[in-house]
Amino acid sequence: MRRERPLSVRQEAIMRLIRSWIIEHGEGPTIRQIGARVGLSSTSSVAYQLAQLEKRGLISRTGRDWSSCRLESPKPPRRGLRSR
């Protein structure tokens, strides 16, 4: 059974920022706003981190822009018999 690696320090910071930003502003922050607050000057680095979080199912977006992202509830690990 393959286990998910824990989030990196940077990914944790991005998740905290998104959570607080949505609470305060009602929508997700832009890539530039995320980068400025977590110390990433490259927008492609921010986009990479967001894509990794999306791939893990922690965030999703309703549109093309990252400001349309929402937090997802983490799915519990599947238990039971493995198929062969």
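Distance check, rounded to the nearest 0.5 Å: CG of Leu50 to CD1 of Ile14 gives 5.5 Å. Interatomic distance, CD1 of Ile18 versus CG of Leu53, reported as 6.5 Å (0.5 Å rounding).
Partner of Leu7 under the side chain to side chain contact (heavy atoms under 4.5 Å, CB included) criterion, chosen from Glu12, Gln49, Gln52: Glu12.
The ring-ring contact (aromatic ring centres under 6.0 Å, His included) contacts involving residues 25-45 comprise Trp21-His25, where partners must be two or more places apart or lie in separate chains. The ring-ring contact (aromatic ring centres under 6.0 Å, His included) contacts involving residues 26-64 comprise nothing, where partners must be two or more places apart or lie in separate chains.
Remark: Arg32 engages no residue in a salt bridge (charged side-chain N to carboxylate O under 4.0 Å, His left out) (not counting sequence neighbours).
A heavy-atom distance below 4.5 Å is found between the side chains of Arg10 and Leu40.
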